[in-house]
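Just below is one structure, and these are the notes that go with it.
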Amino acid sequence: MTEKIRGTVLHWRRHEKFPYHFGHIETHDGSTGGKNVYFKSNEIAPQSPAPFPDAEVEFDLQSREEADGQASFFAANVRVLSAPQTQEQSDTVRGIVKFFNDKLGYGFVETDKGDVHVGGLGRTASHSGTPLRGGDLVEVVYVEGEKGKTARDVTRDGFEPNSQFGDPFNDFFEFGSSDWKRMLIKLAEEEPWDFKNVDSHTDFPVLSSYIEHTVRRLQEMEEGLLVSNDGDSLAFNTGLVTDSQEQIFGFASRLDGEGLRPWVLRKFLREGERAYSEVFGGRKPPLASYWDNPADLIFDPRLSLEIDTTHILARLDRFPEILRENEHMARNAVIAAKAGAELRAYRNYKVAVPQYFRDKGGKGELQLLLPICLEEPSRADLAITVAKTASDDAYRSATVLTLDQAYNNARLLARPDREWLDPEFQ
């Protein structure tokens with residue numbers, strides 16, 4: 001059936017993988033039984049303005065019976081009757097992505113006309129269908145409204161190497177699939193890759209951080225990344241294993257093209273897979289190495305622990321709610337918790353969990369994480385980071401981390417023991 005009908009546009013989004021927009025329309029007369037009407041950019045009438053959200057439109061209603069007997073509805077020849085949002089002055093500008101939440105599909109683009117907010121466009125994607133990342137160069141169509149500059153469309157056309165908004169991992173790889181993290185999780189031993197207590201801007205944030213920092217460390221090592229004899233393929237050791245304890249390697253292909261990163265991450269392979277040996281033979285990429293002296297991974301109870309309580313209290317926002325508004329009580333709790341942490345580490349060396357930390361992305365150093373029990377003596381609320389002094393005769397404190405932050409940092413070296421930091425046992 002075909003019928004001319006009117007309605008209101010609910011949303012209008014760029015497709016993740018394909019070069020068109022799509023949206024849904026809510027009809028005015030209820031002729032679709034409460035179901036919204038789907039439409040694509042190639043169904044918009046010639047010379048009609050773009051159907052942004054809240055636009056009033058007229059269209060030809062079409063329906064189709066699905067396999068389950070239910071009807072689905074489609075719009076053809078969509079014509080915009082009134083579009084308040086299109087009355088705003090639009091502009092097009094180039095910029096660089098400062099931040100993008102690929103989980104919720106919003107972020108900010110820095111331009112010479114100020115920051116532009118990106119949101120409501122779905123999981124805005126690059127040319128490969130993967131979400132935007134910090135450092136991506138984009139062209140933005142935006143409007144100026146009450147809430148500032150808001151993007152109506154974003155198109156990625158390159159990236160800026162060594163940008164303050166990027167990182168060595170994201171500057172190195174394009175992604176062959178937006179599901180690369182799920183591909184790796186499916187292959188590896190099961191473990192918790194999500195934060196337990198807070199939300200994140202990305203899916204599987206612990207895994208994201210782990211792979212990003214692992215690759216960065218391998219880039220710093222001599223021959224940490226393995227390149228094929230013909231120079232067209234690259235492999236790196238993820239440091240993860242399958243259930244049968246086979247090593248898992250990342251596999252990438254070289255890219256040549258303007259605006260592209262040098263490699264595209266294609267897939268993950270078990271070390272025994274034929275697809276790997278056909279390219280690299282018997283050569284294997286090394287594990288990322290973070291220390292020269294294994295003794296640095298263990299807390300030395302002979303050394304004193306010096307805590308800068310005032311510096312620790314600067315992060316009251318990470319403390320339990322009952323202590324956030326009472327600094328005196330929080331200070332006393334930290335002093336008591338310090339003594340408890342030392343005693344636990346003296347009895348059991350596994351209490352001190354090693355982490356590899358980079359100060360503002362610079363050179364890394366080994367630190368130890370100790371539990372800080374503020375409310376209950378048997379349950380950690382925070383982790384305090386400590387490192388040896390330059391004279392190696394004491395430990396000094398750096399800051400306190402939430403347990404999610406601590407686990408995320410510790411996972412880079414090894415999956416933490418279940419003494420107190422494993423999120424499955426918090």
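Source: prediction; values computed, not measured.
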Just checking, [X] and [Y]: is the charged tip under 6.0 Å from the six-membered ring centre and within 45° of the axis?
X      : Y      : answer
Arg133 : Phe165 : no
Lys181 : Phe204 : no
Arg216 : Phe169 : no

From CA spacing to verdict: side chain to side chain contact (heavy atoms under 4.5 Å, CB included), Trp420, Arg344: CA-CA 11 Å; Trp420 62 277; Arg344 287 183 67 174; 4.0 Å; yes
ring-ring contact (aromatic ring centres under 6.0 Å, His included) partner of Phe173, chosen from Phe236, Trp263, Phe251: Phe236
Taking atom [atom1] as the centre, does [X] end up with more than 12 heavy-atom neighbours from other residues, nucleotides or ligands that are less than 6.0 angstrom away?
X      : atom1 : result
Glu223 : CD    : no
Asp199 : CG    : no
Glu325 : CD    : no

Reference residue Asn237; test side chain to side chain contact (heavy atoms under 4.5 Å, CB included); the match among Lys284, Glu271, Gln247: Gln247
Have [X] and [Y] got a donor and an acceptor in their side chains that come within less than 3.5 Å?
X      : Y      : value
Ser209 : Asn408 : yes
Ser200 : Thr202 : no
Gln405 : Thr402 : yes
Asp179 : Ser177 : no

Pair Glu365 + Arg358, salt bridge at N-O below 4.0 Å: no
Carboxylate-amine/guanidinium contact Arg94 Glu139, below 4.0 Å: no
Criterion side-chain hydrogen bond (donor to acceptor under 3.5 Å, both in side chains) on Glu56 and Thr8, from CA distance to verdict: CA-CA 5 Å; Glu56 299 299 312; Thr8 302; 2.9 Å; yes
Side-chain heavy-atom pair Val353, Leu368 within 4.5 angstrom cut-off: no
Where Pro51 and Phe39 come nearest, the two heavy atoms and their spacing: CG-CE1, 3.6 Å
